[in-house]
Structure formats: C-alpha cells, structure tokens
2 protein chains.
Amino acid sequence: MANIQQIAQKAGVSVATVSRVLNNATSVTPQTRHKVEIAIKELKYEPSMLGRNLRNSESRLLLVLLPSISNPFYNEIINGIQNTAIAKNYNILLCETDSKPERENIYFNMVKNKLADGVISMDPTVNMQKLNELAENHPVILCSEYEEGGSIPYITVDSELAAYQAVKHLIKLGNERIALINSDEKFLYARLRRAGYERALKEFNLPIRDEWIYHTKDLEFEHGVQAMRMLLQSEEKPTAVFAVSDTLAIGALKAINGGGDTPNPIAVVGFDNISFSSMTNPTLTTISQPMFKMGSLAADMLMNSIKGDRVESIVLDHELIIRESTMG
Amino acid sequence: MANIQQIAQKAGVSVATVSRVLNNATSVTPQTRHKVEIAIKELKYEPSMLGRNLRNSESRLLLVLLPSISNPFYNEIINGIQNTAIAKNYNILLCETDSKPERENIYFNMVKNKLADGVISMDPTVNMQKLNELAENHPVILCSEYEEGGSIPYITVDSELAAYQAVKHLIKLGNERIALINSDEKFLYARLRRAGYERALKEFNLPIRDEWIYHTKDLEFEHGVQAMRMLLQSEEKPTAVFAVSDTLAIGALKAINGGGDTPNPIAVVGFDNISFSSMTNPTLTTISQPMFKMGSLAADMLMNSIKGDRVESIVLDHELIIRESTMG
DNA sequence: CTGAAAGCGCTAACAA
DNA sequence: TTGTTAGCGCTTTCAG
C-alpha cells in the first residue's frame with residue numbers, strides 16, 4: 001500500500017514527476033520515466049483514486065436509477081450504458097429505488113455529495129420535482145421514461161406510435177375486441193401507449209370499452225396473469241390483447257394457457273422484446289426497442305453533459321416483431 | 001456548491017465544529033449546532049464525500065462481480081446484498097465481467113485503487129488466481145460459486161446434495177433414462193451437480209450414458225433449447241432431464257414443446273427458482289436457493305471483513321419445488 | 001525536463 | 001465545548 005511519496009523517494013524524483021508518469025504526460029525523459037516505473041513495480045504501487053478524485057473533484061461514477069432490476073427490459077439498456085461508460089473510464093452505479101422515495105433520496109444525495117458525476121434515470125416512479133431540482137446543478141439524463149415539455153434531455157422511443165402499430169397489427173388480423181393491459185397511467189409511457197391503442201381502434205371504428213382496459217400495479221409477471229384472468233371473465237371476451245410490457249404479456253399468455261379449454265386462442269402483443277419473449281409458448285409478438293443503443297446513447301449524452309456540452313433529446317426507432325402469439 | 005470552510009465562516013465557527021455537527025458528534029452545544037445548521041441550510045451545503053473518503057481512506061463502495069446481469073438468478077441475490085449494504089451506509093457497484101478478463105481487471109483495479117472497499121464475487125468465470133492475489137490485501141467474499149479448500153470465505157448451497165435430490169425426484173417418478181444438461185465442468189458448481197446426478201443414478205442402478213450428458217457454453221436460454229434438441233435426437237430418448245440452471249431448463253422446455261408431437265412428455269427439473277420459472281408452460285420444478293438471504297449474508301460477511309473481523313464460510317439450505325414440469 | 005509547494009474538502013488529535 | 005492545525009494522496013501551477 002505504497003503512496004506516491006514513497007515512489008518518488010524510491011525513484012529519487014519528486015512526486016510531481018511520478019504523477020506525470022502516471023498520467024502519461026509528455027514532459028518526462030525516458031530515463032526518468034524508467035526509474036519511476038521500476039519503483040512502481042518494486043513497491044507494487046497502485047495510485048489511489050481517492051486522492052485523484054478529490055483533487056480533480058470528480059468521481060467518474062455515473063448513477064443509473066431504475067425501479068427494479070428484475071424487469072429484463074433494463075438489462076440490455078444497462079449493457080449499453082456500461083459499455084460506453086467503461087470505454088471513457090467511467091463506471092456505473094446501478095440504483096434500484098424499489099419505487100421508494102427514501103432510496104431515491106440516498107441516491108440523489110450521492111450526486112450532491114460528489115460521489116457520482118451524473119444520473120441516468122430510467123425510473124418512471126421517480127420524483128420529477130426532485131429530479132428537476134437536482135438537474136439544476138448536476139447532469140441528468142432521462143432514458144425511456146421522460147417528461148413532456150420538461151427541461152431534462154431524454155432518449156426514448158415513440159410509445160404512442162408503437163402502440164398504434166401493435167394494435168393495428170391485431171386489427172389487421174381480424175380482431176375486433178381488443179383489450180389493453182396497461183400499467184398505472186400516472187406514467188407517461190402508459191398514457192402514450194393507451195393513446196396509441198385508442199387511436200388504432202378509433203381509426204377502424206372499433207369499440208373502446210372500459211371493461212377491456214385493465215390497469216396493473218406494476219410490471220411483474222403475476223400482474224399480467226391477474227389482468228388476463230379478469231379480462232377472460234368479462235361478458236364479451238376480447239379476442240386479442242395488447243400489453244404495455246413483455247412481462248405483463250407473458251403473464252397474460254400464462255393465464256390464457258392455464259385457462260384450460262379456451263376454444264379460440266387469444267392473440268397477444270407485448271412491448272420491449274425481452275429475451276424471454278422468444279422462450280414462451282407461443283413465442284411473443286412484441287415491439288422491439290433498440291435497448292442497447294438507447295443505453296449507449298444515454299451514456300454518451302450524460303458524459304457530454306458532464307463535460308459541459310449542451311445535449312439534445314433523441315427519439316429512436318422501434319420495430320414490430322411478429323411471432324407465434326399473433327399467428328392463431 | 002459551498003464547502004465546509006464557507007459554512008464555518010458563515011456560522012462563525014471553525015471547520016472542526018462544522019464537521020462535528022455533520023457527524024453528530026456529541027460535544028456541540030445546541031446553540032452552536034443550530035448556528036451551523038442555519039448556515040448549512042442557507043448555503044444549501046452538501047458535504048463532499050470526496051474529501052471525507054480521502055480522509056477516512058474508504059469509499060464505502062462494494063464491488064459485486066457477476067458474469068452477466070441477464071441471468072435472473074442474480075437479481076434476488078443482488079437485492080439481498082443491496083438491502084444489507086444500504087442499511088450500513090455502503091453502496092454497491094454491479095460489475096458485469098461478460099466473462100472477459102479485461103473487464104475483470106478494471107474492476108480489480110478499482111479495489112486496488114481504493115475506489116471500492118471490498119468485493120463479492122458471484123462470477124464462476126473469475127480468474128481465481130488473481131482473485132486470491134487480491135484477497136491477500138483486500139476483503140473478498142465468494143457468493144454461490146466458490147473454491148474448494150481455498151482461503152476466501154464463501155456462502156453457497158450444497159449443489160451436490162441438491163442435484164442428488166432433484167434427480168432422485170425424477171427417479172421416484174419412474175424415470176429410468178435421465179439426461180443432464182450441464183454447463184462447463186470447469187466450474188465447481190457444474191462438477192458438483194454432476195456428481196449429485198451420478199450419485200442418484202448409481203444408487204438406483206440406472207445407466208449413466210455420455211449421450212445423455214450435454215455441456216453448454218453458457219446459461220442462456222438458447223443453449224438449453226439446443227441441448228434439448230440434441231438429447232431428443234439420441235437413439236434412446238431420455239424421459240427426463242435435469243438442467244443445472246432454470247434458464248437452461250426453460251430452454252429445454254421450449255425445445256420439448258416446439259418438437260411437435262412428443263408422445264410422452266419429458267419431465268424437467270431446473271435449478272435456482274427464478275421468477276420466470278413459474279410462468280412457463282408447464283411451470284418448472286426446480287431447486288430453490290435462498291437467494292435474498294444469500295446476498296444479504298454475503299454483504300454482512302464482506303462488511304465484517306472490511307471491519308477487520310474474521311469471517312466463516314456458510315452453506316445454506318435449499319429446497320425442491322415441485323411444479324407441473326414433473327407431473328406428467 | 002523537473003522540483004517545490006499549494007490546495008482539493010474533510011476529520012481528528014491536541015490545545016485551549 | 002470549541003479552535004488550530006496537520007495531514008489523507010493526488011494534480012498542477014510556477015520557478016528554475
């Protein structure tokens with residue numbers, strides 16, 4: 001556990017020179033550099049980031065806020081963030097809020113306390129007011145979920161359009177009674193996806209019935225199961241379902257399969273294209289978001305923001321992936 | 001972005017006193033404390049962890065190494081770690097190695113560089129030699145995967161026994177041709193689970209045939225699908241399969257279902273009890289590990305180790321969860 | 001090209 | 001109870 005002083009002494013140079021060697025500054029003769037490197041090897045020296053970070057007043061840590069790691073949707077986004085961050089010598093701190101404000105506070109404090117240089121929030125349950133406050137003095141990027149007309153830069157997909165296309169796909173297949181499994185409409189994405197759902201139905205003069213719209217508490221599989229069970233009990237059963245998340249859609253599929261003798265299989269479309277969605281039986285038709293790219297760009301945006309650059313919001317393209325769950 | 005000096009000045013006290021207030025030291029009069037608190041509020045002061053960490057030479061960050069976040073098995077463990085860590089004012093840095101040594105190096109350096117106070121490794125692909133080296137000077141705990149006879153404390157379950165019980169369950173059901181979908185046997189858990197599989201078969205005088213043992217590259221679903229496809233092509237088809245991970249088992253289920261008209265359904269047992277395992281069709285019989293508890297205890301072990309305490313390894317209990325995939 | 005020295009923001013020993 | 005002061009380990013002017 002040697003420090004820079006001891007290296008300097010051992011190498012017979014000043015600490016400044018050691019620092020120069022460490023940071024690959026040009027102005028060091030090969031000989032001096034060599035002496036220093038020898039000393040570093042011999043003493044097994046590892047520079048302390050604590051000192052460096054204080055001096056540079058940066059932590060090179062990025063916070064990534066998400067409600068829960070258990071939704072696989074976040075996996076690929078995180079991969080994207082991580083990849084890009086590491087390439088620029090940043091690291092990421094994954095922060096599960098569990099939708100609890102206390103947790104959120106802890107993490108917000110970390111950036112106020114300089115323990116993190118910026119935040120990427122993917123958490124729809126985040127307290128936007130606090131986040132906006134934080135954003136006044138610290139770099140913040142929204143990923144996936146965002147605030148319409150807000151001042152924080154975001155990266156997302158067009159949820160309304162995607163939902164519209166998903167439902168239109170169901171309509172083209174001949175479905176006229178189409179249900180929606182939505183999450184809480186306090187979330188923007190939920191409102192947008194509902195809007196897309198309604199737009200498609202209206203366009204084809206199909207009924208929008210409250211009975212066919214179910215709101216879940218969160219996105220866990222179980223809630224999809226529960227939602228579908230309710231829908232199957234409605235007087236006029238829907239023939240198709242659009243769920244705003246793959247996890248819910250997979251739960252719905254489960255309820256449909258588990259229902260015993262459903263004469264006409266019910267078509268299901270999900271949203272996200274998580275890896276499980278091709279493992280279900282039937283495999284799931286879904287909207288694919290470019291998750292890796294989204295994460296990667298979000299990281300770029302944040303790092304640029306930390307550098308002091310102005311960053312623009314981005315809307316990425318999505319794609320409808322047609323699989324067995326809408327093939328009769 | 002005030003600092004402690006400015007607070008001191010504003011409050012008309014010394015920086016030491018401000019520090020005392022910040023750290024709830026007892027020896028401060030209510031009046032002085034009040035003055036300081038006023039100043040903190042007025043200047044919207046947030047203490048910098050950078051300074052504190054340097055001074056205390058700690059980062060209060062724990063590294064959690066795992067091969068990939070995409071295996072849901074790790075989710076609950078991480079929750080357990082996180083919960084326990086946060087309660088003691090630590091935070092965790094999730095590190096996906098993607099089984100790449102370069103990545104691993106980055107993370108090892110973080111602890112050498114004092115950017116993290118210790119490591120919990122859940123990564124079977126970790127370079128044990130390097131990890132042992134690291135453990136000589138830094139707190140390290142192994143979680144789930146461990147090293148037999150090694151010097152690093154670990155927390156795990158009895159993989160051999162669990163596998164034995166899983167296979168015995170299949171035998172009791174009348175299966176005599178039981179296949180094994182294993183991962184690479186360079187991993188200890190893979191060797192142990194195979195040993196348990198063989199012990200059960202031997203005990204009942206059932207054949208152990210190479211043809212029925214398939215090794216996968218990693219634990220992704222797709223490899224389970226592929227493994228099962230191969231097994232289904234063997235001359236004498238197995239009537240049951242034990243897969244060493246739920247992800248592989250789910251892939252196997254997929255291959256069985258997708259195989260069209262398999263007259264006798266094939267019984268499948270997995271390992272881990274990930275949340276998705278009750279969403280498949282049929283639902284999956286599996287070995288449940290106490291994941292949350294495992295994570296929680298691992299965090300405790302690590303924090304104790306950081307404090308300088310000696311920590312003992314732990315073997316936790318598991319449980320066989322019987323579901324539809326072994327119910328004909 | 002190299003060294004001396006200041007200072008990043010904080011804590012803790014020692015004095016008063 | 002409070003203040004003074006010396007660092008924690010590093011980077012970076014400024015001189016030489």
Side-chain angles (χ1 to χ4, degrees), chain A residues 1-40 43-61 89 109-117 137, chain B residues 1-40 43-61 89 109-117 137:
Chain A
M1 303 301 96
N3 63 22
I4 201 172
Q5 297 259 25
Q6 302 173 32
I7 301 303
Q9 196 169 353
K10 178 122 191 158
V13 300
S14 72
V15 290
T17 301
V18 178
S19 175
R20 288 186 187 108
V21 171
L22 255 29
N23 295 286
N24 294 312
T26 43
S27 56
V28 185
T29 25
Q31 296 93 311
T32 328
R33 170 179 299 275
H34 188 66
K35 277 195 298 183
V36 173
E37 279 164 350
I38 296 287
I40 289 177
L43 270 54
K44 296 190 181 173
Y45 168 64
E46 302 280 351
S48 159
M49 290 303 156
L50 263 25
R52 174 178 297 177
N53 287 348
L54 173 58
R55 175 60 218 226
N56 296 345
S57 69
E58 63 172 15
S59 65
R60 299 202 83 81
L61 242 37
N89 254 298
N109 280 332
M110 290 186 70
V111 11
K112 291 184 190 159
N113 294 339
K114 302 257 175 198
L115 242 180
D117 295 342
N137 297 305
Chain B
M1 302 300 95
N3 63 21
I4 201 172
Q5 297 258 25
Q6 302 173 33
I7 300 303
Q9 196 168 352
K10 178 119 190 160
V13 299
S14 72
V15 291
T17 301
V18 178
S19 175
R20 287 186 188 108
V21 171
L22 255 29
N23 296 286
N24 294 312
T26 45
S27 58
V28 185
T29 26
Q31 295 93 311
T32 328
R33 170 179 299 275
H34 188 67
K35 278 195 297 183
V36 172
E37 280 164 350
I38 296 286
I40 289 178
L43 271 55
K44 295 190 182 173
Y45 168 65
E46 303 280 352
S48 159
M49 291 302 157
L50 263 28
R52 173 177 297 177
N53 287 348
L54 173 58
R55 175 61 219 224
N56 296 345
S57 69
E58 64 172 13
S59 65
R60 298 202 83 82
L61 242 37
N89 254 297
N109 280 331
M110 290 186 72
V111 10
K112 289 185 191 157
N113 295 338
K114 301 259 176 197
L115 243 178
D117 295 342
N137 297 304

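Per chain, numbering begins at 1; letters A, B, ... match sequence-line order. For clarity, every value in this text was computed on a predicted model and none was experimentally measured.
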Return the polar atom pairs (N/O with N/O) between nucleotides 7-10 of chain C and the protein under 3.5 Å, or none.
{"unit_1": "C/dG7", "atom_1": "N2", "unit_2": "A/Arg55", "atom_2": "NH1", "d": "3.3"}
{"unit_1": "C/dC8", "atom_1": "O2", "unit_2": "A/Arg55", "atom_2": "N", "d": "3.4"}
{"unit_1": "C/dG9", "atom_1": "OP2", "unit_2": "B/Asn3", "atom_2": "ND2", "d": "3.4"}
{"unit_1": "C/dG9", "atom_1": "N2", "unit_2": "B/Gly51", "atom_2": "O", "d": "3.2"}
{"unit_1": "C/dC10", "atom_1": "OP1", "unit_2": "B/Tyr45", "atom_2": "OH", "d": "2.4"}
{"unit_1": "C/dC10", "atom_1": "OP1", "unit_2": "B/Ser48", "atom_2": "N", "d": "2.7"}
{"unit_1": "C/dC10", "atom_1": "OP2", "unit_2": "B/Ile4", "atom_2": "N", "d": "2.5"}
{"unit_1": "C/dC10", "atom_1": "OP2", "unit_2": "B/Tyr45", "atom_2": "OH", "d": "3.2"}

For residues [X] and [Y], report the shortest heavy-atom separation together with the two atoms involved.
X: B/Leu43; Y: B/Lys10; answer: CD1-CD, 3.3 Å
X: A/Ala11; Y: A/Ala39; answer: CB-CB, 3.9 Å
X: A/Pro47; Y: A/Arg52; answer: CB-NH2, 4.5 Å

Hey, what bend do you get for the helix from C/dC1-D/dG16 to C/dA16-D/dT1 if you fit axes on five pairs at each end, rounded to 10°? 40°

Residue whose closest nucleotide on DNA chain D lies nearer the 5' end, A/Thr17 versus B/Gly12: B/Gly12

Which is true for A/Val13 with a 4.0 Å heavy-atom rule: it touches a base, it touches only sugar-phosphate, or it touches nothing? sugar-phosphate

If you measure from [atom1] on [X] to [atom2] on [Y], what distance do you get to the nearest 0.5 Å?
X: B/Asn53; Y: A/Asn53; atom1: CG; atom2: CG; value: 9.0 Å
X: B/Asn89; Y: B/Glu58; atom1: CG; atom2: CD; value: 9.5 Å
X: B/Leu54; Y: B/Met49; atom1: CG; atom2: CE; value: 13.5 Å
X: A/Leu115; Y: B/Arg60; atom1: CG; atom2: CZ; value: 11.0 Å

Go through the structure and list residues passing side-chain contact (heavy atoms from CB on, under 4.5 Å) with B/Val21, not counting sequence neighbours. B/Val28, B/Arg33, B/Val36, B/Glu37

Within a 6.0 Å radius of atom CD on A/Gln9, are there more than 12 heavy atoms belonging to other residues, nucleotides or ligands? no

Can you list the residues that meet the salt bridge (charged side-chain N to carboxylate O under 4.0 Å, His left out) rule with B/Lys112, with sequence neighbours excluded? none

Heavy atoms within less than 4.0 Å of DNA chain D: which residues of residues 27-38 of chain B have one? Give them sorted by number. B/Ser27, B/Val28, B/Thr29, B/Thr32

Say whether, by atom type as modelled, one donor and one acceptor occur between the side chain of [X] and the main chain of [Y] under 3.5 angstrom.
X: A/Arg20; Y: A/Ser27; answer: no
X: B/Asn3; Y: B/Gln5; answer: yes
X: B/Ser48; Y: B/Leu50; answer: yes

Reading DNA chain D in the 5' to 3' direction, which nucleotide is the first one with an atom under 4.0 Å from a heavy atom of chain A, and which is the last? D/dG9 to D/dT13

